[in-house]
Amino acid sequence: MEVKAKIAPSMLSSDFANLASETQRMLNSGADWLHMDIMVSLFFLCCYLCPESVNPEVVATLAYAELTTGHWVGIRIIVQLWKVMLYLFRHFVPNLTIGAPVIESLRKHTTAYLDCHLMVTNPIDYVEPLGKAGASGFTFHVETSKDNWQELIQRIKSLGMRPGVALKPGTPIGDVYPLVEAEAPVEMVLVMTVEPGFGGQKFMPEMMDKVRILRKKYPSLDIEVDGGLGPSTIEMAASAGANCIVAGSSVFGAPEPAEVISLLRNSVQKAQQKC
Ligand code: DX5
Ligand code: ZN
């Protein structure tokens, strides 16, 4: 079964002061979905600024090595880094947040599919508020939901939303298989093609192996790619098998967003015809 191309402009790159008119502008330009990045987390800021500092394997190896020497230099540096990040988090990160109140307000202006991408440490806390606010899709990160993904999926569905799972660049693709193969499965996998946190970063082509593996294994699954997508990178994502394309800066930064959206869609459709 062929999956449909969905182009989802990331509203993170929009003019937040005019969110309703920006969403309408994107829909008029041919957008299928509106991608809403919801982020409130020290964890994700750490991921962006220094991925090693939140990698348990790196921290454990360092701690083990330093245990034998008694010099805790590396661990001390990491703790200091965490403190700086905590400071940054307290002072700056909440400015990036789109939360349930914004979704609720936006819902009054549009019937569009609101594709919510949760970059938070406790996604379960947001299921009910977002469901009630009118979110359409609820994509949580596998890294933050190892112990409760079954419950999460069930609650997302019970609130009438479509469950999806996302994975960061450093997370092995195998981590999402159980969620796709579950009795109550996720309906989309979002492969991050940048470290989560900000728009305008450079696309990571090495993530395309994950997309290829997923497409081969699950021909009718919605596979979304997010980060650094635009005219110069879409071919790689489309030929690997991605069908849902999130694009922030490339769409909002273009003089004619409609042209970029149509180019992205054509690339996905052409790649599908070749298969
Ligand atoms: C990054 C976000 C993305 C971001 C994409 O953490 O998940 O959705 O807005 O923006 P671009 O397309 O500019 O990389
Ligand atoms: Zn996103």
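Every number for a ligand or one of its atoms is a count from 1 in the order of the listing. The structure presented is a predicted model; accordingly, all values stated were derived computationally and were not measured.
- Within the 4.5 Å cutoff, the side chain of Met39 has no heavy atoms near those of the Pro196 side chain.
- Each of the following atoms of ligand 1 lies closer than 4.0 Å to a heavy atom of Val246: 8 (O).
- Of all the atoms in ligand 1, the ones that sit under 4.0 Å from a non-hydrogen atom of Pro196 are 6 (O).
- When you scan the N, O or S atoms of His35 for the one nearest the Zn ion (ligand 2), you land on NE2.
- Residues Pro123 and Leu152 meet the side-chain proximity criterion, which asks for heavy atoms closer than 4.5 Å.
- The side chain to side chain contact (heavy atoms under 4.5 Å, CB included) test with Phe140 singles out one residue from Ile156, Val127, Asn122, and that residue is Ile156.
- The protein non-hydrogen atom at the shortest distance from atom 12 (O) of ligand 1 is Gly248 N, 2.7 Å.
- Residue Ser250 has no nitrogen or oxygen atom sitting less than 3.5 Å from a nitrogen or oxygen atom of ligand 1, judged on distance alone.
- Between Lys157 and Glu187, the closest side-chain pair of non-hydrogen atoms falls below 4.5 Å.
- Taking the Zn ion (ligand 2) as reference, Asp37 places its N/O/S atom OD1 nearest.
- Nearest residue to atom 5 (C) of ligand 1 from Thr139, Asp115, Asp226, Leu190 is Asp226 (criterion: closest heavy atom).
- Of all the atoms in ligand 1, the ones that sit under 4.0 Å from a non-hydrogen atom of Ala247 are 12 (O).
- Shown in contact with His117 at under 4.0 Å from a heavy atom are these atoms of ligand 1, numbered in order with element: 7 (O).
- For atom 13 (O) of ligand 1, the nearest non-hydrogen atom of the protein is Ser249 OG, 2.4 Å.
- Annotation: side chain of Leu264 is not in contact with side chain of Leu229 (no heavy-atom distance under 4.5 Å).
- Around NZ of Lys132, the count of heavy atoms belonging to other residues, nucleotides or ligands within 6.0 Å does not exceed 12.
- Checked by distance only, ligand 1 and Asp37 come closer than 3.5 Å through their nitrogen or oxygen atoms.
- Residue-to-ligand polar distances keep Met192 apart from ligand 1: every N/O pair is separated by 3.5 Å or more.
- In summary, Lys217 and Glu181 engage in a salt bridge, as defined by a charged side-chain N under 4.0 Å from a carboxylate O.
- Side-chain atoms of Arg215 and Asn243 include a donor-acceptor pair closer than 3.5 Å.
- In terms of polar-atom proximity, defined here as any N/O pair under 3.5 Å, Gly228 does make such a contact with ligand 1.
- Within ligand 1, the atoms closer than 4.0 Å to a non-hydrogen atom of Leu12 are 9 (O), numbered from 1 in the order shown.
- Checked against a 3.5 angstrom limit, the closest N/O atoms of Gly200 and ligand 1 fall inside it.
- Looking at Asp226, its N, O or S atom nearest to the Zn ion (ligand 2) turns out to be OD2.
- Residue-environment remark: CD (Glu128) stays at or below the threshold of 12 foreign heavy atoms within 6.0 Å.
- Side chains of Arg107 and Ser136: a donor-acceptor N/O pair is present below 3.5 angstrom, by distance only.
- Under 4.0 angstrom from ligand 1, the non-hydrogen atoms of Ser10 all belong to its side chain.
- Ligand 1 has no atom lying under 4.0 Å from any heavy atom of Met11.
- Summary: ND1 is the N/O/S atom of His117 found nearest to the Zn ion (ligand 2).
- Note that CG of Leu34 is 9.5 Å distant from SG of Cys116, once rounded to the nearest 0.5 Å.
- Checked by distance only, ligand 1 and Gly199 stay at 3.5 Å or farther apart across all their nitrogen or oxygen atoms.
- Between Asp37 and His35, the side chains place a donor N or O and an acceptor N or O closer than 3.5 Å (distance only, hydrogens not considered).
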